[in-house]
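The analysis underlying the following values was restricted to heavy atoms, covering all of them including side chains, and did not include hydrogens, waters or symmetry mates. The model shown is predicted, which means the values in this text are computed figures rather than measured ones. Here is how names work: the chains are called A, B, and so on, in the same order as the sequence lines, proteins then strands, and each is numbered from 1.
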There are 2 protein chains.
Amino acid sequence: MATIRDVAKIAEVSVSTVSLAFSSPGRVSPRTLERIRSAAAAVGYVADPLAQSLARGRSRMIGFVVGNVGNPFFGDIRRELENYALEHEHFVLITDSSGKTDRERDLIEHLIGLKIAGLALAPSSFGPDYVKFVESIKVPMVCFDQKVAGIERDFVGSDNFLAGAMLTEHLLQLGHRRIAFIAGPQHMNTASERYRGFVETMASAGVEVNPNYVVDGQFTRSAGYEAAMRLLIQPERPTAILGANNAVALAALQAMQELGFSCPDDISLAMIDNVQWSSVITPRITMVVQDTLQLGNIIARRLLHRITDPDASNEPAQDFVLAPKFVPGNSCRRI
Amino acid sequence: MATIRDVAKIAEVSVSTVSLAFSSPGRVSPRTLERIRSAAAAVGYVADPLAQSLARGRSRMIGFVVGNVGNPFFGDIRRELENYALEHEHFVLITDSSGKTDRERDLIEHLIGLKIAGLALAPSSFGPDYVKFVESIKVPMVCFDQKVAGIERDFVGSDNFLAGAMLTEHLLQLGHRRIAFIAGPQHMNTASERYRGFVETMASAGVEVNPNYVVDGQFTRSAGYEAAMRLLIQPERPTAILGANNAVALAALQAMQELGFSCPDDISLAMIDNVQWSSVITPRITMVVQDTLQLGNIIARRLLHRITDPDASNEPAQDFVLAPKFVPGNSCRRI
DNA sequence: CGACTTTATCGAACCGGTTCGATCATCATC
DNA sequence: GATGATGATCGAACCGGTTCGATAAAGTCG
């Protein structure tokens, strides 16, 4: 590998001039610049990113930290961020915490050790310690998906209250009154907002929520399955189930199938968030989806703005909240 | 941030001794070691990984390069690798080429610039140029998923011939003779092997393959959909369709649903490779799945062996080929 | 007890860049 | 023609570690 000193020797200039020639070509005379460039080309010189990062104290890498890179929701966001970053000569390092807060912390510390230029984080936790940790990160960053109270950082996400409300309203319109809700962990903002959307929409319509119809699915497949089972074995079954995320809703569908209930003939089903291959799942589930491409785009722009604009660090944290979209399926029937 | 010189000053030793104390504690006297350790603890010293990598010419990071990190197949492998690497104090950098060979090359070069200790690569291409490029990579590496002719590296994958043969045999046993095959790109080893498994099993059973029943689905959803449509509009329709991967098979299911055919009553369907949520897809597809955990485990062990064992570089490249597993569903009926 | 090894530690060079103040030639201004 | 501003280039220090040969002290052996 050719080093900057090799280039300097061939071009008969000092090392510092070569460095200058690449970082701010305008400050080198045209003749020298040309000599340096052809010398560099001759030996195939490429600056060592590691050495650059060490000297500058900052690299051109962006950290992307989520709980599950396999989740298509995060996948779409990642792709948008990668494309945008690449256009701006930055490089995205993807990491996966498997939803574990300890590992998330390790990953972030590791990334900071790598002197990343910025960080896109989908927070996996909450509470004072966690908030303190995130607040202590001095790298430019954007949080997304989960709004965490106390973290004063740019945030990009969807209107989860609206998501819950839209599907509830839809079911009410179809004549449903016995609507069940499989909730997520209430400490998560997405989960509590979706639940609030459900509750308040029911209240506005003057329909009482049967406490037996609200169960906790933890946003996971297994807990969602158990929660759905608890709903389905009740003597007075709900006529519709609203799943607070894709995992619990599909787990509910599976439970219904196993117990021999037909969807939507026996029970209607609606869910928040899409899954891959939803179009081949029978019935096609009525859902509300997030605009992942737009979310990713905003995250990318905002993060690169904070990275590249030197006085962006003075700008106050800002929230970007997008409206989700209703996607009708055939899993809800009129009653 | 405390540096090694701060520690040296406090412990009243030279910088080189501090370095030695951390890299090979045995070569420092117990008393000095203790002084250094407590000094380091006092100022919270942690070695800068960037500076270490620069000085050593090698980092403790492992590159993971695939075409789609959202694919659960790669996701399982990634998780295994991450866990194993973490146990051995290595850190996995995930990157996604979106299946584009140019980007894959950029990513790999970027990772090498970062002086990664090793590379796990799911090759995205083939041909002399590509082989030459991969062969030129001097970092310890393991290839997986796609066996590429000409690349002399460790390879970990599944027996794709067997995968195709198993499902074909299953359909033949059920009495099917008019079996269609939605193939993948034949330059990919997985695709051609699966196809060969189909063809040879048919031949062994003395059943002729109708040329109109073999269509190209490119392993993608859209091409698979078109291919399936071509099968379904024929006057003499196949009684069973075998999808060479999950995308084309599910696209075929969608096509069948849209044309009003029932699976398995009208047409049976089988596929290679699982998808998330396959258990809520109606009907449950009969399939052959790869042992992703085992694959990931072998990749991880092999790669870390090559990284940590100094004379592993002399060991010849080795292939690890695992048998896939048959998972019955209810998408194939006896005729 | 002298010769030889072993052990502990150190200084200096190095990895491959960046950055800042200094230097010197060139040019415009009065 | 002296004065000051401007532009191009350079040397040296620095980022934060590793590594190797040198050195001195301690231990081994005949």
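Here the rule is side chain to side chain donor-acceptor pair (under 3.5 Å) with A/Asp154, and of A/His305, A/Gln318, A/Arg302 only A/Arg302 fits it. None of A/Val65, A/Ile62, A/Asp106 except one satisfies the side chain to side chain contact (heavy atoms under 4.5 Å, CB included) rule with A/Leu111; the exception is A/Val65.
Of all heavy-atom pairs between A/Val134 and A/Arg153, the closest is O-NH2, 3.6 Å.
Within 6.0 Å of the CD atom in A/Glu87, the count of heavy atoms belonging to other residues, nucleotides or ligands exceeds 12.
Residues from residues 106-113 of chain B placing a heavy atom under 4.0 Å of any atom in DNA chain D do not occur. Using a 4.0 Å cutoff on non-hydrogen atoms, the parts of residues 16-27 of chain B near DNA chain D are B/Ser16, B/Ser19, ordered by number. Contacts with DNA chain D (heavy atom under 4.0 Å) in residues 39-55 of chain A: A/Leu54, A/Ala55, listed by number.
For A/Phe219, the side chain to side chain contact (heavy atoms under 4.5 Å, CB included) test picks out A/Pro185, A/Met188, A/Thr190, A/Ala191, A/Arg194, A/Ala244, A/Asn245, with sequence neighbours left out.
The outermost nucleotides of DNA chain C lying under 4.0 Å from heavy atoms of chain A, listed 5' to 3', are C/dG16 to C/dT19.
Of the charged side-chain nitrogens involved, at least one lies within less than 4.0 Å of a carboxylate oxygen, so that B/Asp76 and B/Arg79 count as a salt-bridged pair.
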Worked verdict on B/Ile4 versus B/Phe22 for side-chain contact (heavy atoms from CB on, under 4.5 Å): CA-CA 11 Å; B/Ile4 199 170; B/Phe22 285 106; 5.8 Å; no
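The residue among B/Arg35 and B/Arg56 whose nearest nucleotide of DNA chain C is located toward the 5' end is B/Arg35.
Between A/Arg103 atom CZ and A/Asp96 atom CG the span is 8.0 Å, to the nearest 0.5 Å.
Remark: P of D/dA8 and CD of A/Glu34 are 16 Å apart, rounded to the nearest angstrom.
Ring-plane geometry between A/Tyr130 and A/Phe133 is classed as tilted, the angle between the planes lying from 30 to 60 degrees on a 0 to 90 degree scale. Below 30°, between 30° and 60°, or above 60°: for B/Phe144 and B/Phe74 the angle between ring planes is above 60°, a perpendicular geometry.
In this structure, A/Val28 reaches the sugar-phosphate backbone alone: every heavy-atom distance under 4.0 Å involves primed, P, OP1 or OP2 atoms, never a base.
Side-chain atoms of B/Thr95 come within 3.5 Å of backbone N or O of B/Phe64 as a donor-acceptor pair.
Between A/Leu107 and B/Phe91, some side-chain heavy-atom pair lies under the 4.5 Å cut-off.
Listed by first and then second residue, the side chain to side chain donor-acceptor pair (under 3.5 Å) pairs that reach into residues 28-37 of chain A are A/Ser29-A/Thr32, sequence neighbours excluded.
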